[in-house]
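Right, one structure below, let's go through it.
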Amino acid sequence: MSTVTIRDVQVIATQPGGARLVIVKILTSEPGLHGVGCATFTQRFRAVIAAVERHLKPLLIGRDVDRIEEIFQLSCVNGYWRNGPVLNNAISGVDQALWDIKGKRAGMPVYQLLGGKCREAAACYAHAGGATKEEIVDSIRAFQEQGYQYIRVQQGGYGGLEAERPAPEGAQPGSYFDPRGYMRAHLEVFDHVREQLGFAVELLHDVHERLVPIDAVGFAKEMERFRLFFLEDPLAPEDLEWFRNIRQQCSTPIAMGELFNHPREWQPLIQDRLIDFLRMHVSQMGGLTPARNVAAFGAMYGIRTAWHGPGDVSPVGHAANLHLDLWAPNFGVQEWCRFGDRVAEIFPGIPEVRGGYMYPNDGPGLGIDVDEELAAKHPCTDGVETWTQTRLPDGSPARP
Ligand code: MG
């Protein structure tokens, strides 16, 4: 096979829905051969675009497209100071695009390059919610009717409904929540849901790091009786030492890690068997290459994958998740955000979900592309994030 080189590295940014999606497109020396990869960091998208266009592109032009591992390793250290969501998302866009190209050159879907399928499709979970217990049960039932067997349950947004406790005079605007009120409300919600629906449906819940560590331990213990499929992010990355306390006190399965940046951050949690699911945001970690490695490491310790799959992972990123899902012997479940038709039009080949399972299209590479003309009709908007201006009842800023 003749050497094919990187001819250009481009960025496509589009906002067809709420999230600003960033895609890297690598053009090659072979006419018509290109690859795409997800580099979406919706809250800091301009920084990622600059990292790709101004820093990675000059490094990559002329390099052999087949040398994915070398390019990944080089890109991680070429700036000397390393890690972080901006650079890792930029590297991910390149890494996934190179896997896409390698698959196209081989005439195979990426899951074949990883080692082939362990399953035909990836079981997905959807997000049920509502303001009241009754609305939440209705929402779960609607997803069950669509075939979903795994359903995440939240009352209101992360941290629950808006805090009702009074703020002090002069409190700053923001997204207020009450951590202990959130815990009480969700124990009531899950009591009601299990009473109404029984235990056959697999339920998940995301704490989103909204609790202080000792409350997170208590909450995980109380949630044990609902036999969740997993409890997500009960603790923040800053509080990793507390996972041991949860483990010692209950058998609630724990999912963790969407905020992790470096593969080594998983190491203590995996080797001490303190978590059960790898909630990696694959683009934030640097792409398919590091995700494959962490998945294989987790497999040795009986820890399953549950790649982050919200609306601020682009459809290209969801396709990358799916190829890992089909291959990983330790696949657990896949989060699915249910993109609308407008997004699907921009991304031909977007994974399809039917009956609660996500299916590949068996095109070569990642099996997905970007319609650049359509994408350009939805340019990204600038603005200051509001949902991340989270506050405790007394007005103190808190983790979103
Ligand atoms: Mg989460």
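Nothing here was measured: the structure is a model prediction, and the numbers come from that model.
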Set of side-chain contact (heavy atoms from CB on, under 4.5 Å) partners for E53, sequence neighbours left out
V11, I49
Checking side-chain polar atoms at under 3.5 Å, does N321 have a donor or acceptor matched by the opposite partner on H308?
no
Quick check on the hydrophobic clustering: are F72 and V24 connected, directly or via other members, by side-chain heavy-atom contacts under 4.5 Å?
yes
Answer yes when E70 and R63 have at least one side-chain N-carboxylate O distance shorter than 4.0 Å, and no when they do not.
no
Hey, are Y182 and D215 close enough side-chain-wise for a donor-acceptor pair under 3.5 Å?
no
Give every residue pair that meets the salt bridge (charged side-chain N to carboxylate O under 4.0 Å, His left out) criterion with at least one member in residues 219-231, sequence neighbours excluded.
D191-R225, E222-R225
Please determine, by modelled atom types, if Q284 and N261 share a side-chain donor-acceptor pair under 3.5 angstrom.
yes
Show every ring-ring contact (aromatic ring centres under 6.0 Å, His included) that has at least one partner inside residues 355-400, sequence neighbours left out.
none
What about the rings of H205 and F230, do their centers lie closer together than 6.0 Å?
no
Do R247 and D272 meet the salt-bridge criterion of a basic N to acidic O distance under 4.0 Å?
no
What about F143 and Y148, are their ring centers closer than 6.0 Å?
yes
For G37 and Q96, the nearest pair of non-hydrogen atoms, with its separation, is CA-CB, 3.5 Å
What residues, two or more places apart in sequence or in another chain, satisfy salt bridge (charged side-chain N to carboxylate O under 4.0 Å, His left out) together with R119?
none
Could you list the residues that satisfy side-chain contact (heavy atoms from CB on, under 4.5 Å) with A167, not counting sequence neighbours?
A171, Y176
Are D233 and R279 ion-paired here, with the side-chain N under 4.0 Å from a carboxylate O?
no
Tell me every residue that passes side-chain contact (heavy atoms from CB on, under 4.5 Å) with A142, counting only those two or more places apart in sequence or in another chain.
none
Would you give me the side-chain donor-acceptor pairs under 3.5 Å for residues 196-203, sequence neighbours excluded?
none

Can you see which heavy atom on I368 is nearest to which on V36, and at what distance?
O-CG2, 3.5 Å
Parallel, tilted or perpendicular, judged at 30° and 60°: which one describes the rings of F229 and F277?
tilted
Chi angles and distances behind the salt bridge (charged side-chain N to carboxylate O under 4.0 Å, His left out) call for K25, D8
CA-CA 8 Å; K25 180 173 182 176; D8 197 7; over 6 Å; no
Listing request: all salt bridge (charged side-chain N to carboxylate O under 4.0 Å, His left out) pairs with a residue in residues 122-150, at least two apart in sequence or in separate chains.
none
Just jot down the side-chain contact (heavy atoms from CB on, under 4.5 Å) partners of A296, sequence neighbours excluded, or say none.
none
Does anything in residues 76-103 form a salt bridge (charged side-chain N to carboxylate O under 4.0 Å, His left out)? List the pairs, not counting sequence neighbours.
D66-K102, D100-K104
Pairing donors with acceptors under 3.5 angstrom, does anything connect the side chains of Q73 and E69?
yes
When every non-hydrogen atom of R20 is compared with those of T42, the smallest separation belongs to N-OG1, 2.7 Å
Looking only at heavy atoms, which two atoms of T252 and D276 are closest? And how far apart?
O-OD2, 4.3 Å
Write out all pairs satisfying ring-ring contact (aromatic ring centres under 6.0 Å, His included) with one or both partners inside residues 330-355, taking only residues at least two apart or from two chains.
H318-W336, H318-F339, W336-F339
Please determine whether the number of non-hydrogen atoms from other residues, nucleotides or ligands lying under 6.0 Å from atom CD of E373 exceeds 12.
no
With ring centroids as reference points, do F45 and F41 lie under 6.0 angstrom apart?
no
With sequence neighbours excluded, give me every salt bridge (charged side-chain N to carboxylate O under 4.0 Å, His left out) pair touching residues 295-318.
none
